[in-house]
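Because only heavy atoms are used, hydrogens play no part in the values below, and waters and symmetry mates are left out as well, while side chains stay in.
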Amino acid sequence: MLTTWMRALGAAGLAGSAAIHFYLYWGSGYADIPVVGPLFLVNGIAGAVIAIALLAWRHWLPAFFTLGFGGVTLLAYLLSVTVGFYGVHDQFNSQYEYWGVITEAVCVICGLVLLVQGLRTRSGAPSPGE
């Protein structure tokens, strides 16, 4: 039951982050920023693809990608707020930034919970033939 909820919540986090990145790419001028603009587009596509995989494929890999997606995206944002990221300096002062951090934190938490659940299930499951 927990696994099902974590997959649904993780997919919602992925889809939310993807939607924010798509909006910023097409609706806020990020498409014109070298390096970061294309990365926003890639982030939007990756978030959507991983969300579908997380819901459709009962395997540890989508959970791993969910954790990685959230972690790498948060790291890139942290860099942009502190030292800058390819010339972009954010200030953590817009709703898109707040929701981005929330959705990506959800990805990290859900991906981690799913991976731990998977390890527990595998280690406690009887081996074939027992």
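The CD1 atom of Ile109 sits 12.0 Å away from atom CG of Leu114, with the distance rounded to the nearest 0.5 Å. For the atom pair Trp57 CH2 and Phe65 CZ, the distance stands at 7.5 Å (nearest 0.5 Å). With values rounded to the nearest 0.5 angstrom, Ser17 atom OG is found 3.5 Å from Phe69 atom CZ. Leu41 contributes atom CG, which lies 12.0 Å from atom CG of Leu24 (distance to the nearest 0.5 angstrom). Between the CD atom in Glu104 and the CD1 atom in Ile20 there is a gap of 7.0 Å [rounded to 0.5 Å]. If you take SG on Cys107 and CD1 on Ile102, they are separated by 12.0 Å, rounding to the nearest 0.5 Å.
Listed here is the closest heavy atom pair of Leu54 and Ala11: CD2-N, 3.5 Å. Heavy atoms only, all atoms of each residue included: Leu2 and Gln117 are closest at CD2-CD, 3.9 Å. Shortest non-hydrogen contact noted between Val106 and Leu9 is CG1-O, 3.6 Å. Scanning all heavy atoms of the two residues, the minimum distance from Ala48 to Ala18 falls at N-CB, 3.8 Å. Between Cys110 and Gly10, the closest heavy-atom pair is SG-N, 3.6 Å. Looking at every heavy atom in both residues, Thr82 comes nearest to Leu78 through OG1-O, 2.8 Å.
Atom CZ of Phe85 sits in a crowded spot, with more than 12 heavy atoms from other residues, nucleotides or ligands closer than 6.0 Å. Residue Phe64 qualifies as open at atom CZ: its count of foreign heavy atoms under 6.0 Å is 12 or below. No more than 12 heavy atoms of other residues, nucleotides or ligands shown are found within 6.0 angstrom of CH2 on Trp5.
Under the 4.5 Å side-chain heavy-atom criterion for grouping Ile, Leu, Val, Met, Phe, Trp and Tyr, Leu115 is not connected to Leu119 through any hydrophobic cluster. The hydrophobic clustering, which links ILVMFWY residues whose side-chain heavy atoms are closer than 4.5 Å, places Trp26 and Leu39 together. Note on Ile50: it clusters hydrophobically with Tyr77, by side-chain heavy-atom contacts below 4.5 Å among ILVMFWY residues. Hydrophobic clustering places Leu67 together with Leu74 (ILVMFWY residues linked when any side-chain heavy atoms are closer than 4.5 Å, directly or through intermediates). Under the 4.5 Å side-chain heavy-atom criterion for ILVMFWY residues, no single connected hydrophobic cluster contains both Ile45 and Ile52.
At a threshold of 4.5 Å between non-hydrogen side-chain atoms, the residues Ser28 and Tyr23 count as touching. You'll find the side chain of Val101 stays beyond 4.5 Å of the side chain of Glu97, heavy atoms only.
Ring geometry for Phe40 against His21 counts as tilted: the plane angle lies between 30° and 60°, on a 0 to 90° scale.
Using modelled atom types, one side-chain atom of Thr103 and one backbone atom of Gly100 make a donor-acceptor pair closer than 3.5 Å.
You'll find the ring centres of Phe92 and Tyr98 inside the 6.0 Å limit.
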